[in-house]
2 protein chains.
Amino acid sequence: MGTPLPRDPIADAQRNWERHGWGDVAAPMAAITAIMRTQQILLARIETVLKPFGLTFARYELLALLSFARSGALPMNKASALLQVHPTSVTNAVDRLEKAALVARSPHPTDGRTTLIELTPEGRTLAKKATAALNAEVFGNSGFGPDDVDHLIRVLGTFRRDAGDFTEE
Amino acid sequence: MGTPLPRDPIADAQRNWERHGWGDVAAPMAAITAIMRTQQILLARIETVLKPFGLTFARYELLALLSFARSGALPMNKASALLQVHPTSVTNAVDRLEKAALVARSPHPTDGRTTLIELTPEGRTLAKKATAALNAEVFGNSGFGPDDVDHLIRVLGTFRRDAGDFTEE
DNA sequence: GCAATATACTAGGACATCCAAGGGTTTGGA
DNA sequence: TCCAAACCCTTGGATGTCCTAGTATATTGC
């Protein structure tokens with residue numbers, strides 16, 4: 001989107017909230033808005049790195065997930081649950097990955113309702129390359145210090161647990 | 001997305017990263033993934049609250065921005081810059097808000113290229129109601145403690161500044 | 001054993017975001 | 001003065017996400 005602004009728009013919003021008598025929720029509003037914007041920035045960086053591989057983040061996440069499965073295959077519903085996205089989003093991603101010959105659909109051996117997503121050799125190779133690129137260019141240069149990283153993992157982990165993402169830990 | 005998982009999928013991913021020799025970037029990867037997922041959860045909460053008002057978050061943000069402008073009007077390119085989204089996204093939002101009679105387009109008095117977005121009385125009323133609902137149901141119950149909120153604002157603020165969102169502060 | 005319920009995937013539609021390209025307006029340098 | 005470059009907005013296309021059905025297969029309960 002363009003040139004840097006002279007002032008932080010989220011800090012401005014927080015001041016506006018306070019000015020209108022919503023001081024008690026101005027700070028959480030600012031924190032939440034900052035999370036939204038940070039996500040947008042990070043996603044843009046990731047997509048930029050993945051583009052040369054012909055991948056989007058959604059497709060990469062699926063490839064990476066499969067690459068960690070023992071057999072290199074997962075039922076669609078498992079993938080949907082682990083990636084925490086709607087089943088139709090997985091269908092969409094698999095459609096495109098399959099068209100690119102990076103994954104293949106195969107019927108579940110015992111449950112006729114279930115479809116397995118299987119990594120092809122090309123898919124596995126690409127996942128490895130893409131992961132190396134992301135590690136080098138995004139995760140290795142996140143812009144967060146080690147203490148901030150630990151704090152984010154802890155605070156957001158608690159938040160996600162309280163939100164019902166998972167139970168353990 | 002259904003039932004809670006028995007284990008934190010992001011913590012699992014972090015372990016997988018470490019197991020594959022990427023221990024040096026496993027933590028930032030987990031932090032970034034957690035930000036993505038947290039954004040997803042927060043967005044879903046916000047959209048749920050806004051739905052009864054016939055608003056989406058993108059449209060609400062534009063209404064709120066206009067409601068804080070002195071004159072209740074802003075050029076489209078200003079809105080695009082302040083909301084930090086692509087100009088076409090603003091066009092899209094204005095199209096729908098205009099159809100709902102919440103904003104109106106008007107020509108800029110001196111610059112023929114520019115279009116002003118103006119809040120209608122109904123738009124201003126709805127923005128007020130929607131803000132009250134969000135404050136009560138989302139920002140007032142964010143799930144983040146006061147210390148965490150302050151920390152998030154500070155850490156993500158630095159991140160956004162370093163990413164080129166703004167210069168001051 | 002069979003009907004009712006639950007589960008798994010997919011098709012179609014609504015929205016949002018971005019990019020690329022096009023048409024109109026302004027600005028600025030030759 | 002005047003034309004090229006810069007700027008503003010919109011259209012069209014690609015992706016992704018979700019929701020609501022609809023179809024097929026499993027499981028459950030009577």
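Side chains included, hydrogens not; waters and symmetry mates left out as well; all remaining heavy atoms used. So that the names make sense, note that chain A is the first sequence line, chain B the second, and so on, each numbered from 1.
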If a pair satisfies salt bridge (charged side-chain N to carboxylate O under 4.0 Å, His left out) and one of its residues is in [range], list it, with sequence neighbours excluded.
range: residues 86-101 of chain B; value: B:Asp95-B:Arg105, B:Glu98-B:Arg105
range: residues 127-145 of chain B; value: none
range: residues 63-86 of chain A; value: none

What integer distance in Å separates [X]:[atom1] from [N]:[atom2]?
X: B:Leu43; N: D:dG16; atom1: CG; atom2: P; value: 17 Å
X: A:Phe57; N: D:dT17; atom1: CZ; atom2: P; value: 10 Å
X: A:Met36; N: C:dA16; atom1: CE; atom2: P; value: 13 Å
X: A:Met76; N: D:dA24; atom1: CE; atom2: P; value: 18 Å
X: A:Arg45; N: C:dC18; atom1: CZ; atom2: P; value: 16 Å
X: B:Leu55; N: C:dA14; atom1: CG; atom2: P; value: 19 Å
X: B:Leu50; N: C:dA16; atom1: CG; atom2: C1'; value: 14 Å
X: B:Gln39; N: D:dT17; atom1: CD; atom2: P; value: 12 Å

Scan nucleotides 24-29 of chain C nucleotide by nucleotide, 5' to 3', and note B when protein non-hydrogen atoms come under 4.0 Å of the base, S if they reach only the sugar-phosphate, - if neither. BBS---
Check this one for me: any side-chain N or O of [X] less than 4.0 Å away from OP1 or OP2 of [N]?
X: B:Thr56; N: C:dA16; result: yes
X: A:Arg105; N: C:dC9; result: no
X: B:His86; N: C:dC19; result: yes
X: A:Asn77; N: C:dC9; result: yes

Does any N or O in the side chain of [X] come within less than 3.5 Å of the main-chain N or O of [Y], such that one atom is a donor and the other an acceptor?
X: A:Ser89; Y: A:Val85; answer: no
X: A:His20; Y: A:Trp22; answer: no
X: A:Ser80; Y: A:Met76; answer: no
X: A:Gln39; Y: B:Arg37; answer: no

Taking side chain to side chain donor-acceptor pair (under 3.5 Å) as the test, write out the residues that go with A:Asp24, two or more places apart. none
Please tell me which of A:Arg59 and A:Thr88 maps to the more 5' nucleotide of DNA chain D, matching each residue to the nucleotide holding its nearest heavy atom. A:Arg59
Interatomic spacing from CD1 in A:Ile10 to CG in A:Leu5 - rounded to 0.5 Å: 10.5 Å
Please give me every residue in residues 91-101 of chain B whose heavy atoms get under 4.0 Å of an atom in DNA chain C, ordered by residue number. B:Asn92, B:Arg96
